[in-house]
Amino acid sequence: MTDFYAKLGVKTVINAADSYTMIGGSRMPAEVVEAMAQASRHFVPLDELQLRVSARIAELTRNEAAVVTNGAAAGLAVATAACMTGTDESLVRSLPFPGCLKNEVVIHRCQRNGFDMAITQTGAKLVEIGDVESTFAWQLESAIGERTACVMYFTSTQYSRGALPLEEVIRIADARGVPVVVDAAAQLPPVDNLWRLTQAGASLVIFSGGKTLCGPQSSGFIVGREALIAACRLHVGARISIGRPMKVGKEEMTGLLAAVERYVGLDHAAVKNRHEALVSSICSGLQSAGYDAERAYPGPTGQDYPLVKVDLSRTRFSPEKLATILRSGDPSILVALPWDKRYVVINPLHLREDEAAIVVSRMQEILASEA
Ligand SMILES: *Cc1c(COP(=O)(O)O)cnc(C)c1O
């Protein structure tokens, strides 16, 4: 398959960084590809397929209900729209100029991020609470009113500093009958996040299909309460709604189902051991090459897996420079650059053993050439 990319003149990348959308999210295992291939050979009623696939995903993830979306960002738009309109068909048709009373989404200021547009494209207005350092319960309480469609919450540890704990948000919103929507796009592993957040009382929880789950890149799903999921269903699929440009194809639905089936059935202890072994061999390889490398934990958004953190402060190049050299080399290697500017980070999540060996030997060459 590299031939296909080569013919187009597009270079493939070794992913030592993360489930980055810009390099394709993840790789699909054979069973996912096969499910998509099988799905592609027939016509099928899309709404019926959506219902059956969703029911199976709900069962596999121990949730009351689920709906397949075209990615987690689409999940944000669909969940927001659902909280605004409920199952009222005329309101569904009114977006993005909501004829509905409920057109406000409460969000922590410290959790604002690039995916905000997925929320506001529905016509919803963001109502911010708190500041970048802290948020108080009374701020959430006074932000919630008759126009509140939902409270949006991002569980990534990137956004947890300064935010109210999810449990407190749920308690306050619940008491006012307002749903809490959680974006947990990349919050796997642990696998139990698939049910833990809804069990904790979140009304809707959004996952990306194309990240840790290794499903189709343009897939994702929402799990949660049946009544709200029923409203979500009015905003996905081939029917006319604000979600129509985010339609989910039959191949994505079946591929996602195969991916979820595979993921929940994995030997997660073995996966964890593989990550630890990979991290430990990368660390020792880099250390013997003269790098200041050590195991770090948890994953970049708080997931349950380790990373390799390489401190470059005693070398003559900056993390950006090393990352650029790796990226422009052959093969091209992408490493992560965390907010702390002293480090590059190597992430084992999408790295094969043979690729890890290439990363180590390339970094060894680069350090030797700089010395
Ligand atoms: C990746 C990500 C998304 C978007 O996921 P897609 O499946 O690529 O649409 C949304 N929210 C968060 C927090 C993410 O990390």
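Both ligands and their constituent atoms are indexed starting at 1 by order of listing.
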Between Ser26 and Gly210, which heavy-atom pair has the shortest distance, and what is it? OG-O, 2.7 Å
Ignoring hydrogens and geometry, is there a side-chain-to-backbone donor-acceptor pair from Asp18 to Tyr20 under 3.5 Å? no
Least distance between heavy atoms, Ala173 atom then Val151 atom: CB-CG2, 4.2 Å
Give every pair formed by an N or O atom of ligand 1 and a protein N or O atom closer than 3.5 Å, one pair per line with both atom names and the distance to 0.1 Å, or write none.
residue  : atom   : partner : partner atom : Å
ligand 1 : 7 (O)  : Ala72   : N            : 2.8
ligand 1 : 7 (O)  : Ser208  : OG           : 2.7
ligand 1 : 9 (O)  : Ala72   : N            : 3.1
ligand 1 : 9 (O)  : Ala73   : N            : 2.9
ligand 1 : 11 (N) : Asp183  : OD1          : 3.4
ligand 1 : 11 (N) : Asp183  : OD2          : 2.6
ligand 1 : 15 (O) : Lys211  : NZ           : 2.8

Search all heavy atoms of Ile57 against all heavy atoms of Ala66 and return the closest pair with its distance. CG2-CB, 4.2 Å
If a pair satisfies ring pair (Phe, Tyr, Trp, His ring centres under 6.0 Å) and one of its residues is in residues 258-288, list it, with sequence neighbours excluded. Tyr263-His268, His275-Tyr305
With side-chain hydrogen bond (donor to acceptor under 3.5 Å, both in side chains) as the test, pick out the partner of Gln187 among Asn193, Thr212, Thr301. Thr301
